[in-house]
J.: 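Dropping a structure here in structure tokens format, bear with me for questions.
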Amino acid sequence: MSWDVEWMPPAIVSLQRIHWRDGERIDAAVQRFATTGEGAVFRVAADNAIIVRLRVGQYRVLGTLDPWDGLMRIWWVYRA
């Protein structure tokens, strides 16, 4: 299953605060996971959504997967 990606405002702000090359790598990793499911991912089942933490080098991307809408929402990007 492929996911549509929606960047939430806190994720956009945190992505803009890091170097653009790292941001580009992070966005590419998110898009790759959304289309192919590939990536270093830790999944935690929640009530209606699935919480996902994607590892991209020294950064972590926190998001949720909504299987009903086919939507991957990115909430936060932070350095591990």
Side-chain angles (χ1 to χ4, degrees):
M1 174 179 197
S2 65
W3 303 92
D4 292 328
V5 177
E6 180 180 4
W7 288 84
M8 305 308 291
I12 293 170
V13 169
S14 61
L15 190 63
Q16 290 173 341
R17 291 183 177 170
I18 62 176
H19 194 274
W20 69 269
R21 286 188 184 128
D22 291 334
E24 191 174 79
R25 281 186 24 239
I26 290 167
D27 182 55
V30 167
Q31 297 301 327
R32 183 174 51 251
F33 176 75
T35 57
T36 66
E38 293 179 11
V41 176
F42 178 73
R43 299 173 96 171
V44 178
D47 292 333
N48 293 330
I50 301 169
I51 299 172
V52 177
R53 188 178 66 218
L54 176 65
R55 186 173 44 134
V56 184
Q58 62 187 347
Y59 294 96
R60 303 297 180 264
V61 179
L62 186 64
T64 54
L65 300 176
D66 187 347
W68 291 274
D69 292 334
L71 193 60
M72 179 180 184
R73 288 184 179 91
I74 306 300
W75 293 95
W76 198 257
V77 177
Y78 60 96
R79 181 177 271 183

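Just the heavy atoms: all of them, side chains too, but no hydrogens, waters or symmetry mates, feed the values below. The first residue of the sequence shown is numbered 1, and numbering continues consecutively from there. The structure displayed is predicted, hence computed values, not measured ones.
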J.: Can you give me the closest heavy-atom contact between Trp75 and Gly63, atom names plus distance?
T.: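 Looking at all heavy atoms of both residues, the closest pair is CD1-CA, 3.9 Å.
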J.: Look up atom CH2 in Trp3 and atom CG in Asp69, then write down how far apart they are to the nearest 0.5 Å.
T.: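 With rounding to 0.5 Å, CH2 (Trp3) is 9.5 Å from CG (Asp69).
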J.: Pairs under 3.5 angstrom only: tabulate donor-acceptor contacts from the side chains of residues 52-60 to other protein residues two or more places apart or in another chain.
T.:
unit_1 : atom_1 : unit_2 : atom_2 : d
Tyr59  : OH     : Asp22  : OD2    : 3.2
Tyr59  : OH     : Arg79  : NH2    : 3.1
Arg60  : NH1    : Gly57  : O      : 3.0

J.: With sequence neighbours left out, write down each residue that passes side-chain contact (heavy atoms from CB on, under 4.5 Å) with Trp7, or none if nothing qualifies.
T.: Val5, Ala11, Ile12, Leu15, Ile26, Asp27, Val30, Gln31, Ile74, Val77
J.: Rounded to the nearest 0.5 Å, how far apart are CZ of Arg32 and CZ of Arg25?
T.: 10.0 Å
J.: Under the side-chain contact (heavy atoms from CB on, under 4.5 Å) rule, collect the residues that match up with Glu6, sequence neighbours excluded.
T.: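 side-chain contact (heavy atoms from CB on, under 4.5 Å) check on Glu6 returns Met8, Leu71, Arg73.
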